[in-house]
Amino acid sequence: MKKYIIGNWKMNLNVHEASLFAAKLAQTVKVHSDVETVICPGFLALEPVSLQIDHRQMKLGAQNCYWRDEGAFTGEVSARQLCGLAQYVIIGHSERRHIFGEDDRDTRFKVQAALRNGIRPILCVGETADERDAGDTEHVLCDQVASGLMNVASGQLGEVVVAYEPVWAIGSTRPAGTTDVAAATKVIRDEIGRMFGVAAAKTVPILYGGSVGGSNAEEMLSVDNVNGLLVGRSSLIASEFAKMVEIAAEID
Ligand code: 13P
């Protein structure tokens, strides 16, 4: 399976800054046929960056979408509106779930909306520190995976990407340990296997996200069941992002 290096720029960079940064990435990131490199700027920067980048080098993702295709939903952006501009969309990121109150139902509908509009959903799942301390990690991950993928048809599974992002590791200085990541990503793949069959589950890329950068990318990418990285802060440093792409290209 290809490796995925996906940069989530979150709510950083204005349109001008995003264009400048995309230009810098274009000079820094190398193309590898076995690495899918994706950048996810804010909505406003999607179009200018799209016109600027070589899509063989980097694909574009959005950070969110609404699940209705159109209508009176002031301030929302639908997957239908993103169609043709973004090839991926991050769904159910912990910041959406915990700051904006998105629940599993929203997440499920958004996965559906992305798929029906030809955009690959990156479904984010992960436990909070409290859930982890209570020994609920497995239960939480199974619930989030089962709920997020509930209405996905077997034929659509090949478009789905899942990201394991433990909430306590995001934006911290505390990445998850590789033993925990191995256990969590196995739980995720097994749950997908229960839903769609073991063979189909093997085709779904599972990414790790949470305080990952050039210095720990290799150990994370070496974990069984980890097929890529979803990167926050380090995706905003061109040399770090390019380094992760190189590491991904070198790992079997
Ligand atoms: P950091 O890499 O900044 O911890 O963020 C991870 C993340 O939330 C990516 O979606």
Side-chain angles (χ1 to χ4, degrees), residues 3-13 17-18 21 25 29 36-43 45-46 58-65 82 86-102 106-107 110-111 114 119-129 131-132 137 140-141 144-145 148 160-178 180-181 184-185 188 205-221 223 226-245 247-248:
K3 294 280 188 283
Y4 292 73
I5 301 294
I6 304 186
N8 175 7
W9 295 5
K10 305 195 180 182
M11 199 179 71
N12 294 295
L13 310 181
E17 291 162 344
F21 186 60
L25 285 178
V29 171
E36 180 89 335
T37 305
V38 183
I39 51 175
C40 305
F43 283 132
L46 279 172
M58 286 179 283
K59 305 276 192 301
L60 270 186
Q63 298 172 17
N64 182 29
C65 67
L82 292 171
Q87 292 82 48
Y88 290 83
V89 59
I90 298 171
I91 289 177
H93 189 278
S94 90
E95 287 145 20
R96 301 292 326 162
R97 293 180 192 258
H98 296 106
I99 303 174
F100 300 101
E102 283 187 13
D106 297 314
T107 300
K110 289 178 178 196
V111 167
I119 301 176
R120 297 188 68 180
I122 304 162
L123 171 66
C124 298
V125 298
E127 80 286 0
T128 63
E131 288 163 343
R132 175 182 151 90
T137 300
V140 168
L141 295 179
Q144 290 179 348
V145 169
V160 171
V161 178
V162 177
Y164 170 56
E165 295 208 307
V167 179
W168 47 271
I170 294 175
S172 73
T173 48
R174 195 161 66 112
T178 49
D180 285 347
V181 175
T185 48
I188 291 167
I206 300 179
L207 320 182
Y208 169 77
S211 298
V212 70
S215 60
N216 60 351
E218 185 170 357
E219 61 172 339
M220 290 303 181
L221 286 169
V223 173
V226 172
N227 311 108
L229 305 172
L230 181 55
V231 188
R233 287 156 296 168
S234 295
S235 72
L236 293 166
I237 304 166
S239 56
E240 282 278 298
F241 193 63
K243 183 173 173 189
M244 289 184 269
V245 172
I247 291 169

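Numbering of ligands and ligand atoms starts at 1, following listing order. Since we're looking at a predicted model, the values are computed, not measured.
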Nearest neighbour in protein (non-hydrogen) for atom 2 (O) of ligand 1: G232 N, 2.9 Å

Worked check of side-chain hydrogen bond (donor to acceptor under 3.5 Å, both in side chains) between H93 and E165: CA-CA 8 Å; H93 189 278; E165 295 208 307; 3.0 Å; yes

P41 side chain reached by L13 side chain, heavy atoms, under 4.5 Å: no

Which residue and heavy atom of the protein sit nearest atom 3 (O) of ligand 1, plus the separation: R233 NE, 2.7 Å

Ligand 1 contact by S211, heavy-atom criterion under 4.0 angstrom: yes

Enumerated ligand 1 atoms positioned under 4.0 Å from heavy atoms of E165: 6 (C), 7 (C), 8 (O), 9 (C), 10 (O)

Contact summary for V181 and M220, nearest pair of heavy atoms: CG2-SD, 4.0 Å

Atoms of ligand 1 close to G210 [distance to a heavy atom under 4.0 angstrom, numbered from 1]: 4 (O), 6 (C)

Top protein contact for atom 5 (O) of ligand 1, by heavy-atom distance: K10 NZ, 3.2 Å

Which of the ligand 1 atoms, numbered from 1, are nearer than 4.0 Å to a heavy atom of N8: 9 (C), 10 (O)

Ligand 1 contact by G171, heavy-atom criterion under 4.0 angstrom: yes

Straight-line distance of N227 CG to Y4 OH, nearest 0.5 Å: 8.0 Å

Step-by-step side chain to side chain contact (heavy atoms under 4.5 Å, CB included) determination, F241 to S235: CA-CA 5 Å; F241 193 63; S235 72; 3.8 Å; yes

Distance (rounded to the nearest 0.5 Å) between E95 CD and M11 CE: 10.0 Å

L230 and ligand 1 - part of the residue with a heavy-atom distance under 4.0 Å: both

Derivation and outcome, salt bridge (charged side-chain N to carboxylate O under 4.0 Å, His left out), residues D180 and R132: CA-CA 11 Å; D180 285 347; R132 175 182 151 90; 2.8 Å; yes

